[in-house]
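The structure under discussion appears below in the form of structure tokens.
Bear in mind that the values here come from a model prediction, so they are computed numbers and not experimental data. Throughout, protein chains are lettered first and strands after them, A, B, ... in sequence-line order, and every chain is numbered starting at 1.
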Protein chains: 2
Amino acid sequence: MTGSGREKTPYCPVGRVLGLRERKKLEAWRTIRSTALRLISERGFDAVSVEDIAAEAGVSRTTFFSYFRSKEAVVYDLDPQELQQWRELLADAPGDEPLWEALTGLVLSLAELLADRLPLQKRLFQQSPELCDSSRDVCDSFGPDLREWVARRTPDGDELHAALVLNTAFAAFNTAIEAWDPDDSFDHFLDLARDCLRLAGGGLARSVS
Amino acid sequence: MTGSGREKTPYCPVGRVLGLRERKKLEAWRTIRSTALRLISERGFDAVSVEDIAAEAGVSRTTFFSYFRSKEAVVYDLDPQELQQWRELLADAPGDEPLWEALTGLVLSLAELLADRLPLQKRLFQQSPELCDSSRDVCDSFGPDLREWVARRTPDGDELHAALVLNTAFAAFNTAIEAWDPDDSFDHFLDLARDCLRLAGGGLARSVS
DNA sequence: ACCCGAACCTGAACTCAGTACAGAGTTTTA
DNA sequence: TAAAACTCTGTACTGAGTTCAGGTTCGGGT
């Protein structure tokens, strides 16, 4: 919905020094999120309604939707502080590396940033296939930013190549997520992601099998 | 929804010789689909409700949902005959080629199979970003079959590689779709798809830019 | 300290996707 | 031609997502 506007409201800015308002908002965001994750991991995604989450978080249904665009978003969205770190990462990324190498680095940094959330998230995927189906992309929340970053450093005429590189990096990342067992260590996931990115970057054509 | 069962009902079987029942069903399927595409291309995806489609197609809302799992599905699903051709393609695919080459071939054959529908579909994407967002994958309808095909010809222990190859092929295909202008010839699209698959297969790491 | 505007929260009412089901109608089969 | 199997339809329901008109709370001046 909402056409393709990026952010309806500049929600949860996370500036340097937070006023009372901003602190409350961040707190509300986190209460809703953690409540949601708790309920969903207890009962499964489908068995929890937005109403349940809102009630349990002590907030109205309407407010829930002012913090999260959809029910899935409460699972996928980055914490405002993570989002800020992610944007700093993008801002600081070197501009001289070849695109694929730069992207590989970014994706791996991102993975580390998500270290806390990913295991739980992956477990939710396994419990609730409907979650997997709907948003098949864990990339939803950071994807747009990354797209923009790629676009900015892409010379005219090379859009196809840039898009291909980006989509392939996503594919590699998602493949690693799919393959990972959340009971294994997170380092193991990082290895998987590295492997996938390396294989995809090195060319899938000539290869085993 | 529906756990992860493949097909709730074996709808529209398209056997060799069709009985009256099957003929009616195929006809109904096509009426609904074409009505839907017409209305949606006239008014936009969001401005058309399932009720509108059903009414215009002379069928009940309930019946609509017995033919299509969702409102998006009516745009994405393969025609039962296309689906059959696609399955034959899979069945006939050689088992001795390396995985990437085999997949490349399959994806390109698939593209040709979709020649009629793709231009309109791409135009709908452009008109209705909400369509793009929701099902970011044109691969939805044939993806499961292809996954299964890949799984069958994957030796144990190589699942990661197989998944990576598959996801990357999808990524390349989607990239081509994204990049294609539906006012250009369909051959141009095929060239794009070929290029994307070749680039991804050949290794994105060392490359221009 | 006070006030005003802006930002925020809320309940209520609404639209629409998707599901369940029971009954009526149609095709198939024997 | 009658029973069995399948299909369609209306009805009624759940729940996601939106809109909106208040009420409340915060922040920045003065």
So, using ring pair (Phe, Tyr, Trp, His ring centres under 6.0 Å) as the criterion, who are the partners of Phe64(A) when residues are at least two apart?
Phe68(A)

Short N-O contact, Arg147(B) and Glu178(A), less than 4.0 angstrom:
yes

Heavy atoms from C-beta onward define the side chain here; which of dA16(D), dG18(C), dG25(C) lies closest to that of Phe65(A)?
dA16(D)

Smallest separation among heavy atoms of Phe173(A) and Ala111(A), with atom names:
CE1-CB, 4.0 Å

Can you measure Leu20(A) atom CG to dT25(D) atom C1' for me and round it to whole angstrom units?
9 Å

Can you see if the side chain of Lys25(B) gets near the phosphate of dT7(D) - specifically, an N or O under 4.0 Å from OP1 or OP2?
yes

Taking for each residue the nucleotide of DNA chain C with the nearest heavy atom, is it Ala28(A) or Lys71(B) whose nucleotide lies nearer the 5' end?
Ala28(A)

Take the protein atom CZ of Phe64(B) and the nucleotide atom C1' of dT19(C), then report the distance between them rounded to whole Å.
14 Å

Could you grab the distance from atom CD of Gln85(A) to atom CG of Leu113(A), nearest 0.5 Å is fine?
4.5 Å

Over how many whole Å does the gap from Phe45(B) atom CZ to dA17(C) atom C1' extend?
10 Å

Output yes when Arg23(B) and Glu27(B) qualify as a salt bridge under the 4.0 Å nitrogen-oxygen rule, no when they do not.
no

Rounding to a whole Å, what distance do you find between Lys24(B):NZ and dC8(D):P?
9 Å

Interatomic distance where CD belongs to Glu22(B) and C1' belongs to dT28(C) [whole Å]:
11 Å

Heteroatom pairs (N/O) under 3.5 angstrom, protein to nucleotides 10-12 of chain C:
from: dT10(C); atom 1: OP2; to: Ser60(A); atom 2: N; distance (Å): 3.0
from: dT10(C); atom 1: OP2; to: Ser60(A); atom 2: OG; distance (Å): 3.4
from: dT10(C); atom 1: OP2; to: Thr63(A); atom 2: OG1; distance (Å): 2.5
from: dG11(C); atom 1: N7; to: Thr62(A); atom 2: OG1; distance (Å): 3.2
from: dG11(C); atom 1: O6; to: Thr62(A); atom 2: OG1; distance (Å): 3.2

Is any side-chain nitrogen or oxygen of Tyr67(B) closer than 4.0 Å to OP1 or OP2 of dC8(D)?
yes

Does a side-chain N-to-carboxylate-O contact under 4.0 Å join Asp79(A) and Arg30(A)?
yes

Measure from CZ on Phe68(B) to P on dT19(C) and round the result to the nearest Å.
15 Å

Separation of dC16(C) atom P from Asp52(B) atom CG, nearest Å, is 8 Å

Indicate the ring-plane relationship of Phe125(A) and Tyr76(A), choosing parallel, tilted or perpendicular according to the 30° and 60° boundaries.
tilted

Atom pair distance, as rounded to whole Å: CZ in Arg23(B) and C1' in dT26(C):
14 Å

